[in-house]
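We name chains A, B, ... by the order of the sequence lines, and we start the count at 1 in each one.
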Protein chains: 2
Amino acid sequence: MDEVLKNMDPEKRDRIINAALEEFAESGYKKASTNIIVKKAGISKGLLFHYFDTKESLFNYLEKYVVNTVIETLENEIDWSETDFFNRLMQVAIIKGRLTLRFPKVFEFFTTILTDKSIDEIYAYREDFAPGLLEKVYVHNIDYSKFKPDLDMERTMKIINWVIEKYSMELLDDLLKKKNYDYDKITADFEEYMKILKKAFYK
Amino acid sequence: MDEVLKNMDPEKRDRIINAALEEFAESGYKKASTNIIVKKAGISKGLLFHYFDTKESLFNYLEKYVVNTVIETLENEIDWSETDFFNRLMQVAIIKGRLTLRFPKVFEFFTTILTDKSIDEIYAYREDFAPGLLEKVYVHNIDYSKFKPDLDMERTMKIINWVIEKYSMELLDDLLKKKNYDYDKITADFEEYMKILKKAFYK
DNA sequence: ACACCGTTGACCAATGTGGTCAACAAATAT
DNA sequence: ATATTTGTTGACCACATTGGTCAACGGTGT
């Protein structure tokens, strides 16, 4: 399976991957239909099972490929010298936006995978695929002395994260509907939110 | 169908409703299986189709019944004399928590229904079932003069809403896992978050 | 002419679908 | 006690969909 995959036309591979991501994200592993996947990908049934022997191995390949791609992209594209916490999170959100343009349903796919897993399992899953990454994003080089000293930091961090998650979600939904990607406008809008949060939580 | 439903044992009706809500929420209308619904509800196939002639009419009944229940509960249980914005939103969240204890998957059911609808359609849907309610929750008797005068109010309101939505979601997930409902502890924790937001956005 | 290879879609047994119905059980009326 | 209605069951149906196979096709290079 592996050597045959390496030689596949990359454009076609992305089409298959996106079709499969969409179907698995929408229906979960069991109810996802290979018939629908081939229809979405615009290929024949036979071809799908030529590249991926079974539905299960397709799912496994998908998971590995897509998780690794996301992690590598984050590792490589984050500016690790950035010291401002909000700017760091903004970078992450923007990178996620670019990934969504290439793999529209990746993050819904992740959500579906993680649904029904306990918090411990989710943590283990994350550490399995990207050991230490989460901590690195949140603390490496970040200057926490900018925050007001009397804050309930645990809850404050949760609040900031929730805001960014929700904003990103609305943003990604939007990206998938309209096709244009007005980088500057999005960044400016995002910065407005960050400004409000900074005023609220920075010294 | 209607008169036969009125006479149904309410405990059994709730079991059927919750089983159907769960299955529809999980799989969407088309992929939801009536076989799984009867299994979850612990009744026979025949009985489900005795009460609800078709899968479609079951879905329609569900939608009406559950939307009306949620709206009536909100209308009746909100303390409309409350003037503090954060307390108002906290009340809504707590009422949602109580509803989740009775209908564990209602809000996931709503989410599934609304997925793939455009923003305009969602707005129309809401106005169709609960005309004016949303506005009433957000403005009726609320004292907005407590907010700092120089705020970007549109974005600030979004932020507050996002925080409460996310907090509620985590709370509801939690409620479904553990069965106990430590009202006081939850309220206290919630109030901590509100305190942070008030310090950030109130004068 | 041949071999090779990516690709197709009709085809398969197996499982699942929404819905029916004759028959049983329990309550209710006579 | 008996007859009647009401609530409930699950085996059963025709049909759709499932994951997966395979003989055949068209194109490319030799």
Problem - Contact check, side chains of Thr112(A) and Tyr29(A), non-hydrogen atoms, under 4.5 Å - result: no
Practice task
Could you pick out which residue, Lys31(A) or Gly42(A), lies toward the 5' side of DNA chain C when each is mapped onto its nearest nucleotide?
Solution key: Gly42(A)
Problem - Candidate nucleotides dT21(D), dG18(C), dT7(C), ranked by approach to the side chain of Lys45(A) - the nearest - result: dT21(D)
Fill in the blank from the handout: Assert: residue with more 5' nearest nucleotide on DNA chain D, out of Lys30(B) and Gly46(A), is Lys30(B)
Completion exercise
Closest to the 5' end of DNA chain D, once Leu47(A) and Thr34(A) are matched to their nearest nucleotides, is Thr34(A)
Handout entry: Geometric class of the Phe24(A)/Phe59(A) ring pair [parallel <30°, tilted 30-60°, perpendicular >60°]
Key = perpendicular
Problem - Below 4.0 Å: OP1/OP2 of dT8(D) and any side-chain N or O of Tyr51(B) - result: yes
Practice task
Could you check how far CG of Leu48(A) sits from P of dC22(D), rounded to whole Å?
Solution key: 17 Å
Practice task
Over 60° means perpendicular and under 30° means parallel, so classify the ring planes of Trp162(A) and Tyr167(B), tilted if in between.
Solution key: perpendicular
Exercise for the section: Ignoring backbone atoms, test whether Asn35(A) places a side-chain nitrogen or oxygen under 4.0 Å from the OP1 or OP2 oxygen of dT17(D). Expected result: no
Practice task
Write down the distance between NZ (Lys55(B)) and C1' (dT17(C)), rounded to a whole number of angstrom.
Solution key: 8 Å
Practice task
Applying side chain to side chain contact (heavy atoms under 4.5 Å, CB included), run through Leu47(B) and Lys12(B) and close with a yes or a no.
Solution key: CA-CA 11 Å; Leu47(B) 195 59; Lys12(B) 182 175 286 181; 4.2 Å; yes
Completion exercise
Of dG19(D), dG18(C), dG7(D), the nucleotide closest to the side chain of His50(B) is dG7(D)
Exercise for the section: Could you check how far CE of Met8(A) sits from C1' of dG6(C), rounded to whole Å? Expected result: 11 Å
Practice task
Would you check if the side chain of Asn141(A) reaches a backbone N or O of Trp80(A) as a donor-acceptor pair within less than 3.5 Å?
Solution key: yes
Exercise for the section: For Ile37(A) and dG19(D), give me the distance from atom CD1 to atom C1', rounded to whole Å. Expected result: 11 Å
Handout entry: Rounded distance in Å - CD1 (Ile43(A)) to P (dC5(C))
Key = 20 Å
Exercise for the section: Check every atom of dG19(D), dT8(D), dT7(C) against the side chain of Lys12(B) and return the nucleotide holding the closest atom. Expected result: dT8(D)
Problem - Interatomic distance where CD belongs to Glu23(B) and P belongs to dG16(C) [whole Å] - result: 13 Å
Problem - Ser44(B) side chain near dG10(D) phosphate (N/O to OP1/OP2, under 4.0 Å) - result: no
Problem - Value in whole Å for how far the P atom of dT8(D) lies from NZ of Lys39(B) - result: 20 Å
